Amino acid sequence: MATVVVAQKASTLPYAPIVLAHALNNPAVVKVEYKNVPTLAEHNNATVALTADGTTLTTVSAILRYIVRSHKNTLYGSDPASTSVMDDFIDKSQDIVNSSDFKTLDVIFQQLNHHLTLRSYFVGHKPSVADIAIWGALKANAIFARQIKTGKDLGTYLGRWFNHMSAQAFVEGALAEVAKANDSTKVAKADQGSFDINLIDAEMGKVVTRFPPEPSGYLHIGHAKAALLNKYFADQYKGRLIVRFDDTNPSKEKEEYEHSIKEDLLLIGIDSSVVTYTSDYFDTIYNYALQLIKEGKAYCDTTGQEQMRAERMDGIASQCRDLSVEENLRRFEEMKNGTEFGQTCCLRAKISVDNLNKALRDPVIYRCNLIPHARTGTQWKMYPLYDLACPIVDSIEGVTHALRTDEYHDRNPQYQWFLDNLGLRQVHIWEYSRLSFVYTLMSKRKLTWFVDQGRVSGWDDPRFPTIRGILRRGLTMEALKAYILMQGASTNYITLEWDKLWAVNRKQIDPIAPRHTAVEAANKVKVTVAGADPYTLKEVPRHKKNEALGDKKTAYGPIIWMDQADCKELEVDEEVTLMDWGNAFIRSIEKNAEGVVTAVNAELHLEGDFKKTKKKLTWLADGAELVKVDLMDYDYLITKKKVEEEDELKDLLTPVTEFKTEAIADGNVAELNKGDIIQFERKGYYIVDAVATPTTVARLILIPDGKAASISSKAAPIAQAEAKDAKDAKKKKEKASKDAAPAAAAPAVSGKKAKAAAHAAAQKPAPTWTGPGPKPEEIVELEAQIDAAGLKVRQLKTDKADADVVKAAVDELLALKKQLPVRIEALQALAAAASAAADSFSL
């Protein structure tokens with residue numbers, strides 16, 4: 001018997017294994033157990049796990065395959081062809097689970113909808129594991145749930161199939177079981193930050209964690225995660241958190257950065273009034289370095305940097321590796337004194353020459369630096385590197401658990417080596433995934449480049465992922481802390497979308513953001529409202545659902561201003577609702593030669609029912625209290641979702657990243673203070689970035705709300721289109737050149753071009769049946785084979801499979817696509833002939 005354990009608080013619930021268990025309806029084969037946690041700590045923080053025959057599986061696709069392959073059933077097909085197609089759909093279901101990008105998902109939805117044309121199920125004539133896998137993935141996908149709930153077009157066939165599957169008895173039974181499990185664990189108040197992670201050897205009241213920032217830049221959201229996780233575990237075990245500045249590189253460190261780090265930590269609720277410094281332990285670290293030299297475990301190397309890098313890569317020992325202890329001590333003294341010779345040396349730990357883990361290949365642990373230190377002045381001419389200083393100071397300060405991001409994974413054995421070889425108290429290492437977002441750079445070096453080049457206003461620029469930058473953009477500390485704790489200490493590395501963070505923020509600010517109105521100044525439209533009273537001010541609530549925010553003054557009058565975009569959509573004699581006023585009929589619309597609306601005449605109809613109007617419009621009464629404002633919006637600094645090592649930063653720069661819209665707003669806006677968050681109705685949430693002065697207008701920044709429109713890259717589609725145009729132009733040029741050359745002298749197509757051409761052909765849409773009559777079963781089956789082959793190609797590319805395997809799959813897809821038009825043409829000709837014959841006979 002197999003047991004499936006489900007983390008019932010998972011942000012993405014693994015529905016498919018639960019539904020499959022109910023479809024089999026045999027507890028002797030598989031049973032489901034629920035744990036009231038967001039992740040399964042004992043299974044590497046997975047959300048589902050299956051244990052059977054001494055094996056543990058932690059991915060939905062592997063679990064589904066194990067269950068249907070291990071036990072006789074009809075859910076996995078009856079022949080190799082159908083089971084292969086089912087496997088493709090199981091893999092496809094994981095594409096849905098792993099994506100939160102609307103455009104990517106929309107393509108997948110359309111593919112699924114196309115496949116279901118004239119089909120009731122994905123494979124065969126009854127529900128299979130393919131249907132269960134896809135249904136489970138769609139059920140857990142927030143974008144799909146929102147679309148099907150709001151009636152958005154998902155395709156006739158996909159929506160029909162999803163509802164049909166949802167009505168199956170085994171699906172309803174699975175959902176009822178999940179609901180029952182959730183009901184049994186409900187408490188009066190959800191604990192946002194509770195996740196079931198147990199630290200090794202953690203004792204209540206004795207856990208000590210540390211947050212060791214280097215004072216060489218401003219904290220970004222990744223640092224916030226590190227700080228908050230360390231604080232979380234310290235608080236959970238009633239221990240303490242040490243804030244320590246790793247000040248071992250005077251070339252990069254500034255007092256400015258130290259002050260900013262302390263301020264930012266205070267903002268996220270971490271007391272930094274008492275801190276320690278690695279420089280407090282320079283004497284101690286120096287003595288431990290001497291110990292390593294005397295024990296033959298470290299040596300001073302004069303090898304040049306490039307040669308040393310090459311030797312480490314190739315596993316070649318340095319010519320200095322076997323120097324005597326006396327010579328190493330002499331050289332180390334030269335380093336300490338900063339002599340000319342000493343500056344050519346570095347101290348390396350004598351760990352290994354050719355270890356497969358290259359981080360263990362005699363790492364450098366001390367370097368010379370003559371720049372005066374901010375705290376120790378000119379006392380030291382050499383400084384320990386982080387890899388040596390960190391384990392020593394952690395052990396000395398009593399740290400019990402060192403939380404390190406997975407980027408240090410290969411260097412963790414270094415950490416352990418120093419503890420063991422220096423006879424230091426042991427420290428437990430806990431790895432967690434570093435925070436990474438799409439279209440976002442976290443590298444301090446790259447962020448510094450943007451500042452130095454003047455491409456941003458500073459380290460608090462709203463386009464920066466620094467704590468100060470995202471706070472200036474409108475993120476609240478409450479939302480940031482809640483989001484970080486939602487992520488937990490998972491070791492799964494993924495590049496996150498920004499949507500969930502800003503969605504959490506929206507939930508924080510929506511109940512407390514006062515409502516205001518703004519109209520874009522460009523081509524704003526003057527609307528004359530017949531039947532309106534003379535200009536007057538009335539007290540109305542700042543927020544209809546939060547009386548505690550008090551009232552604001554709203555002006556009403558016969559002349560109002562409206563947005564050009566709204567007025568362009570108006571129709572004569574149409575009834576609309578003027579928000580917070582009432583209904584009105586549009587009696588006339590005036591436009592200039594370019595089609596720009598210049599004036600509108602309306603007639604107030606307060607007796608009208610606002611529930612029956614399609615358009616609810618914002619407006620501002622013309623009056624002296626109106627104020628001018630600048631509404632700011634921003635794009636990502638780069639146009640690529642994930643930057644690779646080989647990418648040139650300059651090639652990825654977004655041309656324009658700041659957008660300003662001049663507008664007029666209600667007079668209440670003049671009373672706002674810097675940092676106040678409001679909502680301009682029908683425009684979005686804004687934070688006051690600067691109040692008005694005698695010479696400048698107030699500036700407000702649009703706060704992303706987590707919806708696709710607010711977090712999508714404005715420039716990426718353009719950049720991609722330009723790249724495609726350039727590629728197409730290059731192809732046309734190459735083709736023209738090739739056509740102009742004599743056939744005998746035509747150059748051979750390079751391997752890369754041939755591969756690109758094959759892949760392009762593979763992606764070309766296949767022709768479709770146009771009738772007459774229904775689509776023949778032969779064409780339906782052939783299209784299904786093409787869909788399956790296409791899914792296989794995409795999965796192989798995603799998995800970065802071997803080139804030969806991908807090529808074979810592409811060739812298979814091309815062969816099928818080549819068959820399709822031939823068969824369609826032949827069968828359509830037969831159908832047309834048969835139809836014509838039938839028409840002739842009926843005549």
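If you're wondering where the values come from, they're calculated on a predicted model, not measured in any experiment. We number each residue from 1, following the sequence as shown.
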Those residues at least two apart in sequence (or on a different chain) that pass salt bridge (charged side-chain N to carboxylate O under 4.0 Å, His left out) with Glu603 are Arg587
Stepwise, does the side chain to side chain contact (heavy atoms under 4.5 Å, CB included) test hold for Val451 with Trp459? CA-CA 7 Å; Val451 175; Trp459 287 93; 3.9 Å; yes
Subject >> Side-chain donor/acceptor of Thr405 to backbone N/O of Tyr432, under 3.5 Å >> reply: no
Within 45° cone of Tyr277 ring axis and under 6.0 Å: Arg375 NZ or CZ | yes
d(Phe245 CZ, Ser216 OG) to nearest 0.5 Å is 11.0 Å
- Query: Taking side chain as C-beta onward, heavy atoms only, is Pro514 less than 4.5 Å from His543?
  - Reply: no
> Just wondering, more than 12 heavy atoms not from Glu662 lying within 6.0 Å of its CD?
Replying inline: no
- Item | Donor-acceptor pair between Thr613 and Thr577 side chains, under 3.5 angstrom | yes
In short, side-chain hydrogen bond (donor to acceptor under 3.5 Å, both in side chains) pairs touching residues 544-560 with sequence neighbours left out are Lys544-Asp580
**Request:** Taking atom types as modelled, find out whether His516 and Glu681 have a side-chain donor-acceptor pair closer than 3.5 angstrom.
**Result:** no
query: Would you find a donor on one side and an acceptor on the other, under 3.5 Å apart, between the side chain of Gln564 and the backbone of Asn523?
result: yes
Here the gap from Arg506 atom CZ to Leu501 atom CG, rounded to the nearest 0.5 Å, amounts to 11.5 Å
Decide if atom NZ of Lys444 counts as having more than 12 heavy atoms of other residues, nucleotides or ligands within a radius under 6.0 Å.
yes
Please tell me whether Asp635 and Thr657 have a donor and an acceptor in their side chains that are separated by less than 3.5 angstrom.
no
Distance col, row Leu700:CG vs Asp633:CG, nearest 0.5 angstrom, shows 12.5 Å
Item to check | Exam field: side chain Asn592 to backbone Gly595, donor-acceptor pair closer than 3.5 Å | outcome: yes
Contacts satisfying salt bridge (charged side-chain N to carboxylate O under 4.0 Å, His left out) that involve residues 688-704 (not counting sequence neighbours) are Arg472-Asp689, Asp689-Arg699
Thr693 and Thr696: side chain donor to acceptor below 3.5 Å:
yes
Item to complete: Using distance alone, with no hydrogens and no angle criterion, decide if Thr476 and Asn505 have a side-chain donor and acceptor under 3.5 Å apart.
Response: yes
Residue set satisfying salt bridge (charged side-chain N to carboxylate O under 4.0 Å, His left out) with Lys683, at least two apart, ordered chain then number -> Asp563
Please tabulate, for side-chain N and O atoms in residues 620-630, each donor-acceptor pair with protein atoms closer than 3.5 Å (sequence neighbours left out).
from   : atom 1 : to     : atom 2 : distance (Å)
Asp622 : OD1    : Trp561 : NE1    : 3.0
Glu625 : OE1    : Tyr535 : OH     : 2.2
Glu625 : OE2    : Tyr535 : OH     : 3.3

(request) Could you tell me whether Lys641 atom NZ has more than 12 heavy atoms of other residues or ligands within 6.0 Å of it? (result) yes
In this structure, OH of Tyr439 is separated from OG of Ser712 (nearest 0.5 Å) by 8.0 Å
(request) Determine whether more than 12 heavy atoms belonging to other residues, nucleotides or ligands lie under 6.0 Å from atom NZ of Lys616. (result) yes
Q.
Strictly distance-based, threshold 3.5 Å: is any side-chain N or O of Thr598 a donor or acceptor partner for the main-chain N or O of Glu590?
A. yes
Check: What class does the angle between the rings of Trp498 and Phe437 fall in, given that below 30° is parallel, 30 to 60° is tilted and above 60° is perpendicular?
Finding: parallel
> Taking the side chain from Asn230 and the backbone from Ala226, do they hold a donor-acceptor pair closer than 3.5 Å?
Replying inline: yes
- Derivation of the salt bridge (Lys or Arg N to Asp or Glu O under 4.0 Å) call for Arg463 and Asp461: CA-CA 5 Å; Arg463 292 160 286 194; Asp461 191 281; 2.7 Å; yes
For Glu520, the salt bridge (charged side-chain N to carboxylate O under 4.0 Å, His left out) test, sequence neighbours excluded, returns none
Rounded to the nearest 0.5 angstrom, the NE2-OG1 distance for His220 and Thr440 is 11.0 Å
message: Could you tell me if the side chain of Met442 sits less than 4.5 Å from the side chain of Ile221, heavy atoms only?
response: yes
Are there more than 12 heavy atoms of other residues, nucleotides or ligands under 6.0 Å from atom CD of Glu645? no
Take Phe659 and Tyr634 through the test ring-ring contact (aromatic ring centres under 6.0 Å, His included) and record every step on the way to the result.
-> CA-CA 6 Å; Phe659 307 90; Tyr634 296 93; 8.2 Å; no
Exercise for review: Determine whether Asp647 and Lys640 make a side-chain contact, defined as any pair of heavy atoms from C-beta on separated by less than 4.5 Å.
Suggested key: yes
Given the options Lys612, Lys614, Lys615, Glu574 meets salt bridge (charged side-chain N to carboxylate O under 4.0 Å, His left out) only with Lys615
Between Asn601 and the options Ile586, Val572, Thr528, Ile589, the side-chain contact (heavy atoms from CB on, under 4.5 Å) test singles out Thr528
Separation between OH (Tyr218) and OG1 (Thr448), nearest 0.5 Å, reads 11.0 Å
Check: Is atom CD of Glu539 surrounded by more than 12 heavy atoms (other residues, nucleotides or ligands) closer than 6.0 Å?
Finding: yes
